[in-house]
Each structure stands twice: as structure tokens, then as C-alpha cells.
Trainee: 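Have a look at this one before I ask anything.
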Amino acid sequence: MTQVTVKHMWKEYGGHVVLENVNLHVGDHEFVTIVGASGCGKTTFLRMLLGIEAPSRGEFLIDGRPLPGEPGPDRGIVFQRYSLFPHLTVLQNLLLGLELKDAPLTGRLFGAARRRALDKARTLLAAIGLEAAANKHPAQLSGGMQQRLSIAQSVIREPKILLLDEPFGALDPGITADMHELIIKLWNAHKMTIFMVTHDLKESFALGTRLLVFDKVRIDPQAPEAFGATITYNIPLKGQRSAS
Amino acid sequence: MTQVTVKHMWKEYGGHVVLENVNLHVGDHEFVTIVGASGCGKTTFLRMLLGIEAPSRGEFLIDGRPLPGEPGPDRGIVFQRYSLFPHLTVLQNLLLGLELKDAPLTGRLFGAARRRALDKARTLLAAIGLEAAANKHPAQLSGGMQQRLSIAQSVIREPKILLLDEPFGALDPGITADMHELIIKLWNAHKMTIFMVTHDLKESFALGTRLLVFDKVRIDPQAPEAFGATITYNIPLKGQRSAS
Amino acid sequence: MRRLINRRPGRGGAFGLGLLPFILVISAYLYYSHQRLEANPGDKLLPAPASIGAAIHRYALEEDERTGDYLLWTDTRASLERLGMGLAISAAIGLGLGLAIGVVPYLRASAAPFVAAVSLVPPLAVLPILFIAVGLGELAKVTLIVVGVAPVIVRDLAMRTAELPTEQIIKAQTLGASTWQLVLRVVLPQSWPRLIDALRLSLGSAWLFLIAAEAIASTEGLGFRIFLVRRYLAMDVILPYVAWITLLALAMDRLLRLVRAKAFAWAEPGV
Amino acid sequence: MRRLINRRPGRGGAFGLGLLPFILVISAYLYYSHQRLEANPGDKLLPAPASIGAAIHRYALEEDERTGDYLLWTDTRASLERLGMGLAISAAIGLGLGLAIGVVPYLRASAAPFVAAVSLVPPLAVLPILFIAVGLGELAKVTLIVVGVAPVIVRDLAMRTAELPTEQIIKAQTLGASTWQLVLRVVLPQSWPRLIDALRLSLGSAWLFLIAAEAIASTEGLGFRIFLVRRYLAMDVILPYVAWITLLALAMDRLLRLVRAKAFAWAEPGV
Amino acid sequence: EKTSFNMAWTIYVGWMPWGYAEQSGILAKWAARYGIKIKLTQVNDYVESINQYTAGTFDACLMTNMDMLTIPSAGGVDSTALIVGDFSNGNDGIVLKGKGKTLKDIRGQKVNLVELSVSHYMLARALGTVGLRERDLKIVNTSDADIVAAFAASASTAAVAWKPQLSAILKNPDAQLVYDSSKIPGEILDLMVVNTATLKANPKLGKALVGAWYEIMALMAKNDAAAKAATASMAKASGTDPAGYAGQLATTHLFATPAEDYAFVNGDALVNTMDLVRKFSFEHGILGQGAASVDAVGIQFPSGRTLGDPRNVKMRFDGSFAKMAMDGAL
Ligand SMILES: Nc1ncnc2c1ncn2[C@@H]1O[C@H](COP(=O)(O)OP(=O)(O)OP(=O)(O)O)[C@@H](O)[C@H]1O
Ligand SMILES: Nc1ncnc2c1ncn2[C@@H]1O[C@H](COP(=O)(O)OP(=O)(O)OP(=O)(O)O)[C@@H](O)[C@H]1O
Ligand SMILES: [Mg+2]
Ligand SMILES: [Mg+2]
């Protein structure tokens, strides 16, 4: 059960208002897609959910409690790039989350615990179709393979919330269909709440159970930074939940 | 008038046959789109046209004469990334080709010559919609703006042949439509022959006057590198020539 | 409690924290100095602040009886001239040779192994040959800096030139660039910020070689003074001189960084 | 005619070209040596190859009467031990402090300015204090190397640690990493190849400090021998020693490069 | 009670016997006789060895009379010259380029030498003999390690140096020796210096050092096979061959017996020498910044005479241990 609530939230950088008066309630196991013009604050919104940015005013609640001020294993993230660990193989990249969980001191598992973790990682690896590349390093993978791994990596600790910031923006169009399938499969398997920013409206309709549109409602042509964006549309969709 | 002819051309790296027995004739002002599986030798084919790679056997002729063994101003190139000069502004990036042409010693133009070159560069800049960014550096541009500039840069010296290697692969889907328009406009304005590699079959049909499909005709499962790819389909298309 | 990695000091806090180790070192100095001076009031190793102050006054604000100079300033000027000249020549060599090696494959094949070997020759061990070749004057000191610093800069610039994306080099050629134009319009302009980085990295060893050179044969200069007064363990002079050298080096480092940020904004990582 | 930039020598050609400058330098040496020896057969500055050969024979292949050692080998062992220890300690400090400064903002605020200042203090100028602090034994030589080399490595590693993409650090935290786990599993493993790079860059100055240290207090070592015979201008001994040092340094450089390529293939630029 | 002592030594002709004393076990034998241990540390940088002695790292150290006055004694470390081992008798020299040149020709030249060292002192003394002063020439401070190569450079024309560098310089066919320390015998002294407080508290240290020293002096004086072997070993340790070392010894007046040493430190000549040295040091500002006058540092002689401030005696010559050796009381 994960509820995300935002109440009268504002975000400013110095005098520059990025987001103003954002209100939102998202229930359990939703797939929220977010669209909006470039620079309107979508990434900023995700960064606040992640805990690496604090709202200037207002409240940001998860299950009624204030958001922790730093990232944690309950909220996973997939960036457009760079979030794989180049020194670890594909399998090790997946394993890492499990090792960090159960080995606070050494960060490594041994014996039976390791075998259990390996089983879990291998299952997930099969789900994303990367078994053959298990022992390669990220730099040896194509962009699509890297992003598949990145998604798998961020769900292995079964976060309550998964954040995706234009995860397919850097991929060849042909590959995105596979990725959509994968993300829906994982979303259904792990029953988490997903927030995904995208530039592709079609994608947002196809995947989401709820579409958020960020836009400015007030514009001062003399001072474009005086007013921020807010959620102008909050549209429930049918999404792919039925597919589960 | 530009004719590209390839006769019985093979390309091998050590024992690895990449291309085998390629034959091709491309007439003036064609828009050739190239598709094929990853790793089948499309980029290698462009590199040979560019002159940075030599065929192992066979002939590669432009207007009946052997291809020069190094890049030159008669053949332009647009890479997926990295081909802008980070230390030059947008305008200077465009200007460079003209300066290199007319100032062999200093690489810079002055006085009337410079004004003429500036006029030409500004016209092109307007055509790609980047006037407002004329004095920015590439790192300050979005991916789409960079790629538009890169295309304009490579046509400013009016090459007879323009080579494009997945020029839109790294761009947001929404932007590619604009880019298609731009490239067709330039192709018609400068009457050059274009070779474009793409992963997107739809794109290849929409833009090309001729579609080449690279594929292996013989496969030895024991030695996947024993046989190379060749042109399995060479399909004349209607393309957008009519739009000119 | 947030993770250590996510906790950041405020501006004032950061400033105080930055000062802390300096205060600690100075306090430790004062403590040991006091202890030694209690035991032997004539001790010269860790002089009292007052003695250091007096020495600074003598060297910076009083004319030297023998020469009529303000020693600290004559020394500083002499050293900075040598250092500036040495760095300028090293930069010129580094830029010229480094670019050439990075760009021209034939030159790379010929010069790169030699430069790699030369950069590892300990220059102080072959001083005699240096003296014969360039004499004992100012030139010798500048040369020692150049011999110590230039090969490193050459290697660095050659490596970084070779790291330029091939796509750029090919693109320039499709725009009709000759080798000369390529160097002039594409490679050289992108090398300036790298040269500044290389110079900043070499500052430490440049000072080292300067001091070594001045210790060998000279009549003025910061290194000369330190070695001269070392003959009678005048730490009251040596310590302020060392602090002054460190300050000068820091100032040069900051200046180079500033020049890079202002003049080559396109090359700043943040852009 | 293709552009200069597009012409590449073959394998054999590259080897020959690489040898060329060495041959030129050796020829120039032979010429000047011959000239000087014609003018003064007792000249010691540029000894004839035969004298150098004899000196090598004496030092490398004959037992020393006094000690029964083969001097070149005892010197080499002593110097390499000191160098190895100095580099190892510098690497340990560089890794520990550099990582900590790069990762923990509070430590960065506190230590970074101090390390920047310390890395610019010329160590040779504060020798007396150094020797009082650590004595004049083996420790002193190792310490001088550490003082000269470690701050540079610390700065380098701190900078490169801070350059790790923020995305990685955030990602690790969303996987539940504590600061300690982050260092252990994400930052440290990625620092090894960078440490090797930093060590390679420091090799030159490490040798410099070793030679300086051995010239001040020791009874064996490559730097000591050069210092001892320098007073007689015995270039017939100095030149082969310098060549030997250069060779050792080159070998260490290549070895480090090899280790990096083999053990940290994922960090090689070509992958 | 302190039973272990540290002593520094530097490679120099008159001090090589100390290296031999350790290597041959003679020093250990004498130390054992008095139930103490003496650890010898070889410091290659001469000035650094004195600095370390002054800072307290060593109980004993080898140095010249002038450096003793200007470094430990001016630095407030009360020190005793336990043994006057030798004086330079041609071991230091002034060299000009050009055969047939004389000392007067030095006028207007750049002179390479270790500034503020005994070379500098000897130059000042030499200039006095031909009516020149320091301002008539230009002194270029040159490190002793590099002075041979410096003189070989074509631009340099004059140098002051000690052996072995002096010998290497004189090998230059153009080099002309115009003055050497044999003209001022007994003024440049090589001393075994011990911290006065340590010596007072531990006379055993003095006895062991003096005993070992004169045993080796006696051995070297015999001129037999054992003596040859000893000097050959010293030659090797100083990086040269027996002939080269003999050349250095020839211009070094070693006091072969304790009696000679005793007579020397009790003589008037030493007082006059030290007076010259302290005046030179004061004029060149190396008596320390606290030194308001030439008398700032007191120097005491076995005869009971003192130079300078008698309440601030920091430099002492001692004959008592030599006397014991003379009398066979060790
Ligand atoms: N750390 C910061 N300091 C100051 N301004 C910032 C900061 N981070 C973001 N901004 C500003 O906030 C605004 C919103 O940025 P944000 O990255 O959230 O946009 P976005 O909607 O994700 O855009 P895009 O679609 O281009 O990714 C931008 O105008 C940006 O300049
Ligand atoms: N310099 C080279 N040395 C050896 N093999 C090479 C070299 N360049 C390319 N190859 C090989 O040639 C084959 C074709 O590569 P190429 O880059 O032309 O493929 P592509 O069709 O462009 O693939 P993609 O769609 O992934 O870009 C690949 O198997 C590649 O490994
Ligand atoms: Mg964004
Ligand atoms: Mg390709």
C-alpha cells in the first residue's frame, strides 16, 4: 500500500518559480505518466520524490509521512543514462542491490545467501533477456540493453515507488516497444507505483493509468520566471492494468 | 553530375569478411537509404565512401574515377554525435567550411570575403531555424539543435555526396519529423547524392529514392565470420523528389 | 540522520572547516616552538613568532646593508622571472611538439618513445652536461625548469590531442581542411584550456626545479636565500620564505584557473 | 599526396622512426665526447664508451672490495625498496584521503584547501623540520617521497572521485547503500585504475625525491652513488646510472600500464 | 643513565677514519670498554648533519671551527670541540681559469663558492693579502656537489673549493691554483664536536671517542700493511682510489698524536684564529640575528682564556681528554 500525496507544494530556485501550488494524490499500484514542455519542472518533480531536492513550500507525503530527505531503497530510479556501474558485470550490477541489503558491513554475500541472491538475479536477468550477456560489462552493451539492465537493477530491491525520467529518450525507436512490454511486466509483478516522465504523448497514453500534464497557468511575458508550472490536467486512464 | 559505382567489392578485417561482392550503381541526385541488421557493415560501407577505409578487393568509383583515399570537401558526413566543434559558436561552426576553402593559410576570412561568407552562413542558419542561437556554443544546444547544425555544417561546402550515419538515432522521436523536412529541403536545394544509414524502415521508405538492404546471403553457423553481407535488395522508390 | 555523503556544511561552516587544519598546524607549531625555546632560548629550529616577524621585517621592509635591496622583493622578482620564463618556454614547447606529435602519425612514431624516456630522466643527475651546454647563468636555471617540466607537458598535450574525437578530425577534412588548417582552426584552439590544465599540474614541479636550480648557482632568488640561510639554520627566514612560495604558487594556480574559466568558458565542465 | 595527418608508418617503419632520436642523441654524444677527449684526454665530462663500459663492469659485475657487494645491484635494491615503500604509502594515503575528501562533503570542506596548500609547499625547503620529525633513517627517505607525492595523488583522486556521475551515487543510494557501502562497492573499485594513472604521473617526481633524499642521508642507493661520485665529476659512472634509472622508471611505467589494462579492462578507453 | 649515543659523520678526507672506526670495530671496542654504545650515522649533506646536531638529533657531530661557531653555538647549543682532528693545509684552494694567473687577477670576476662556508672565509683572508675586498668581486653561491661541473662551464672563471672537488677542478687543463689553505695553516679546523651537557654528564662518551680516534691515528701513522689497508678502505668509501685519497691526505694536517692536539688547543694561535673567524662571521651576519656585537657568543679555551661574552659561553675547546690519552689514562 503506497499513497503519494502532495499539498500546496511550491518549488523555487532563488527568484525563479519552477513549480507552483501543486496538489496531487496518487493511490497504490498506479502508473503515472508525466508530460509537459521542456523546462517546466518535470525532472524537478521527480528529484523531489527522490529526496535529492526539497520543496520550498508545502507538503510532500508518502503514506502520510513526510518524504525522507535523501534517496532510499523504497524509491527506485531509472535515468536516461549513466546509472549503471561500469566496473561491475551485468550480473553483478543486478546483484548489488541484494548484497547491499543483506551485508551492511562488507557489501558482499557469501555461501547460501549468495546463492539465493544469485538465483533471484538470474531470474530477473532472464526476464529482461540478458542471460547471454551476464558476464559483460555495461560498456560492451548496446543502449537498449543498458537501459533494460538499468530498469531491472532498480526493481530488484522491490521499491514501493519507481521513478523513470525519459527512460527511452536515448533509444532507437524500434527498441522502445520491447521496453514498454518489460516495464509493464515488472510493474505488474512487483505491484509498485510508477512515475514516468516522457516526451512521447502516445507512450504516456499507452502505458499510464494516470496522466499528469505540467504547464504554466499564468504567464508574465515581462518576467517569464515569475510564475511556475503546475498540474493542469490529471487524467485517469485505463492503462495496461487489465493486462496483469 | 555524380555517379557512384561499386564493382565486385569485398571488405575483410583479417579473416572476418564484412562485405562480399557488392555491386551498385547510383545516379545523380539520388537519396539512397540503407538498412540492415546491426553489425552487417553499413557503417563500414559509408566509411569506404568517405575514404577512411579502403576496400579489400574490387572497385569503388565516383564519376568513373577511383575514390580518393582520404576525406575531402566533395563528400560531406553527418555522424550520430560529436562532429561539431565545441570551441566554436553556432555561426562559427557554419562559417568554418567557407573559411577553410578561401583562406588556405590563415583559415580565416577578413573584410568583404568574410561578409560574403557570413551572409551565406546566416542564410543557412535561418533555414535550420537557429538564428537565435547563433552565438551559443554547441554544448548549450539541445540534441536536436546540434544535429540540425551538424547537417547544415556538412552541406555548406556543397558536397557532391552527403553521408548520414543514423543521424536521428539519438534524437527524441518528436524532433525527427522536423529533421526529415530539413534534410529533404537541403537535398533539393543543393542537388547532391545522399547515402543515409537508418534503423527505421519507415524513415527509409519515406525519404529515399532508392532503398538498399544489406544482408548475408550465405551463413555458416560454425564460422559466422566466414561470409559477409551484400546488397540483397536494391529498390527504387518514389521518395520525395516530387516535392522539390 | 541523513547519510554522511548527503550532509553539507553551509557557506560559513565550510569556511571555518577549511581554516581548521591550518589553525591546528599553527597551534602545533606554537606549542613545539614554545617547548623548544623553554629548553634552549637560542634554539633556531622552531623560532618564536616574534623572531619570524622580525625576520620578515628585515627581509621585506629594510634595505640590505650590503646591497641596498629589499631582499624579499629582489628574491621574489628574480624567482618569478625565472619561473615565468621557464613555464612560458615549456608551454611553447609543449604546445608545439605536443600538438605535432598528437596530430601527425609519422612524428608520433618518431618522437613519442623518446619524449617518454626523456620525461623520466632525473634532470638533477645530469646537471654537469647541462652546465656545459648552456653555462651557469640565468639560462641554466630556466633550462632546468624547462627540462623538468616540458616533457611532461608535451606528453600530456600529445595524449589529449590524440583523444580528440576522430569524428571532428574527419569532419574538418570533409570541410576541406588541410593538415595545417586542421591544426590552426580545430586542434590548437581546443588545446589552450588543456595547456592551462597541464601548466597547473606542473606548477609544483616547476617550483621544485626552480629552487633546485637556485640552490646550484645564483646570487638571488627565493630558493637561493633558503639555501644560503640554511647554512646557519635560520628557520626564522626559511619558514616565511616557504610560506611565501606556497602563497605565490597558490595564487598562480588560482589565476590560471580563472583565466581558463573566463577565456575558455566553452571548455568548462559545467556548461 | 594524402594529407600528412592521414599518412601512417608501417610497423617496421614506426619502430625505426622511434629509434631515430635515440640514435641521433647517442651519435651527438659520441661526436662531442671524441672532440673533448682529443683536446684533453683526461676530460671526465663526456667519457668515451670504453670508459663507460669499464665503469659498468666495475659496478655491476665486480665485487666491491670493501663490502663484497655488487654495487649496482645493492644500490638498485635499496633504491627500489625505498621507492616502492614511498609509492605504496603515498598510494594508500592518496586512496584513503582522496576518496574520503571526494565523497564526504564535510571532509572536503575541511581538508581540500589544506591539501591544496600542502601540495604546493616545496618539500626540499623544509627538510630540517622533516628530519627532526622522522629522523634520518630509512623512514626519512620514504617520508620525503611521501611528502612530495602523496598530496598530488590525494588531490587527483579527490577530483576524480567528485567527477563520478551523480546518477551513480544516487542510484546506489536507491539500492540502499550506506555511505560506507557506497565507498566500498561503488567508489573504491572505480578508483583503482585512477590510482594507477595517478601513480604513473607521479613516477617522475617520486624518483626525483628519492634521489634528493639519498643525496642527503644514506649509505647506498642509486641517488647516493651519483651524489658520491659527482664530486669527482665521474660521468663514466653517472651516465650509466642515469640511463639505468630511466630504464627502471620506464619499466615501472609500462608495468603499471599493463596492470591497468589487464586488471581493469572495463576502464580502458577502447572498450 | 644514558648509555647509547648518536653521532653523525660526513664523507670528508679528515673524517674518513670515523667511518673506518665503525667498520673495523675499533669504535665498538672502545665503547664497550666504557659500557656504552655509539651509533654512527652517515649524513651526506654536511650542513644537514650540523643542523640535525643543533636540533638535538645527535650527541656528536663533525664540523669545521667556523660552522661550529655559527650554527650550534650561535644557536644556543653549548658545544665542546672534543678533538681537533686536523687542519686544512692546502685542502682548500682558490682556482682561476688561465695558466699563470695570480690571486690579484680575481678582481672583478664572478667567483663560484659555497657562500658563508670556510671557502668564503679563506677567500676573505686571501683577499686581505693582496689588498682586495669582497666588493671587488662577485660571489656566486654554488653548491659543493655541483661546483666541479660549474667550473667546467665555459662562462665561469673562478672558484673556491675543497678537496676532493678541488682536485677534480684542478684536472681542468686551464685551471690555475692561486691560493690555498697552506697559507693559513691552523685556521680551518676539522673538529669532533660534542654537546657540552651530554659530555659533562657522560665523560665515558668522550673517553671512548678519543680512545678510538687516536688508536686509528696510531695505526695510520705506522705506514705498514695494516695502515695501507685502512687507508685503502677509506679511499674506497669516499669514492676514490688510494692515490686520490693520498692526494687529499697530503694537504690535510692530521694531528697524529694526542700530544700535538693538546699543544695546539693550548696555544695562542688558536685564539687568534677564532678571533678572525668570529669577526668574519659577525660581519657576514651569520652569528644570528640576536647577535648585537661580535662578542655575542662566548668562546672558551683550555688555557682559561675566553673570547666574547664570558656569561654566554657556547663554544668550548677541550684538552682534558687529549691529556688523558697522552698520559695513557684511557
Ligand atoms: N539546481 C537548479 N538551480 C536553478 N535552477 C534550476 C535547477 N534545477 C533546475 N532548474 C530550473 O528549473 C526549471 C525546470 O527544470 P527541469 O529539469 O525540472 O525541467 P524538465 O521539465 O525536466 O525539462 P526537460 O523536459 O527539458 O527535461 C528549468 O528552468 C531549470 O533551469
Ligand atoms: N576496424 C575494424 N576492425 C575489425 N573489425 C571491424 C572494424 N570495423 C568494423 N568491424 C566489424 O565489421 C562489422 C560491421 O561493422 P559496422 O560498424 O559497419 O556495422 P553496422 O552495420 O554499421 O552496425 P550498426 O547498425 O550496429 O551500426 C562488425 O562485425 C564489426 O565488428
Ligand atoms: Mg527533465
Ligand atoms: Mg553503424
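Atom set for the values below is all heavy atoms of this structure, side chains included, hydrogens, waters and symmetry mates excluded. Chain naming here is simple, since letters A, B, ... match the order of the sequence lines and numbering starts at 1 in each.
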Trainee: So which residues of residues 171-208 of chain D are in contact with chain A at a heavy-atom cut-off of under 4.5 Å?
Mentor: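 So far as heavy atoms go, Lys171(D), Ala172(D), Gln173(D), Thr174(D), Leu175(D), Gly176(D), Ala177(D), Trp180(D), Gln181(D), Leu184(D), Arg185(D), Val186(D), Pro189(D), Gln190(D) are the residues that approach chain A to under 4.5 Å.
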Trainee: Scan side-chain atoms only and decide if Ser83(A) and Glu167(D) contain a donor-acceptor pair under the 3.5 Å cut-off.
Mentor: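 No.
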Trainee: So what's closer than 4.5 Å to chain D heavy atoms on Glu70(A): side chain, backbone, both or neither?
Mentor: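 It is the side chain, since no backbone atom gets that close.
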Trainee: So, Gln147(A) side chain and Gln80(A) main chain: donor-acceptor pair closer than 3.5 Å or not?
Mentor: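 The answer is yes, because a donor-acceptor pair under 3.5 Å joins these two groups.
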Trainee: What about His87(A) and Phe264(D), are their ring centers closer than 6.0 Å?
Mentor: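 No, they do not, as the ring centres are separated by 6.0 Å or more.
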Trainee: Quick check against the 3.5 Å criterion: does Asp165(A) have a side-chain atom that pairs as donor or acceptor with the backbone of Val197(A)?
Mentor: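 A pair under 3.5 Å: no.
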Trainee: Is Thr89(A) close to chain D through its backbone or its side chain, or both, or neither, when contacts mean heavy atoms under 4.5 Å?
Mentor: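 Neither part.
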Trainee: Based on non-hydrogen pairs under 4.5 Å, which of Pro138(A), Gly76(A), Ser150(A) is most in contact with chain D?
Mentor: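 Answer, by heavy-atom pair count under 4.5 Å with chain D: Ser150(A).
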Trainee: Against chain D, label Leu50(A) side chain, backbone, both or neither, depending on which of its atoms sit under 4.5 Å from a heavy atom there.
Mentor: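 The side chain, not the backbone.
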Trainee: Side chains of Ser79(D) and Glu214(D): is there a donor and an acceptor less than 3.5 Å apart?
Mentor: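 Per modelled atom types, Ser79(D) and Glu214(D) side chains form a pair under 3.5 Å.
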Trainee: Between Lys42(A) (side chain) and Gly36(A) (backbone), is there a donor-acceptor pair under 3.5 Å?
Mentor: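 A pair under 3.5 Å: yes.
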Trainee: Is it the case that atom CZ in Phe15(D) sees more than 12 heavy atoms from other parts of the structure closer than 6.0 Å?
Mentor: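 Not buried by this count: 12 neighbours or fewer within 6.0 Å.
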Trainee: Side chains of Thr193(A) and Glu30(A): is there a donor and an acceptor less than 3.5 Å apart?
Mentor: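 No, Glu30(A) and Thr193(A) have no side-chain donor paired with an acceptor closer than 3.5 Å.
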Trainee: Which atoms of Pro159(A) are under 4.5 Å from chain D, going by heavy atoms: the side chain, the backbone, both sets, or neither?
Mentor: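 Contact with chain D involves no heavy atom of Pro159(A) at all.
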Trainee: Given the options Gln92(A), Lys101(A), Arg157(A), which has more heavy-atom pairs under 4.5 Å with chain D than any of the others?
Mentor: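 Greatest number of close heavy-atom pairs with chain D: Arg157(A).
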Trainee: With side-chain contact (heavy atoms from CB on, under 4.5 Å) as the test, pick out the partner of Ser154(A) among Ile77(A), Leu162(A), Leu164(A).
Mentor: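 Testing Ser154(A) for a side-chain contact (heavy atoms from CB on, under 4.5 Å) against Ile77(A), Leu162(A), Leu164(A) leaves exactly one candidate, Leu162(A).
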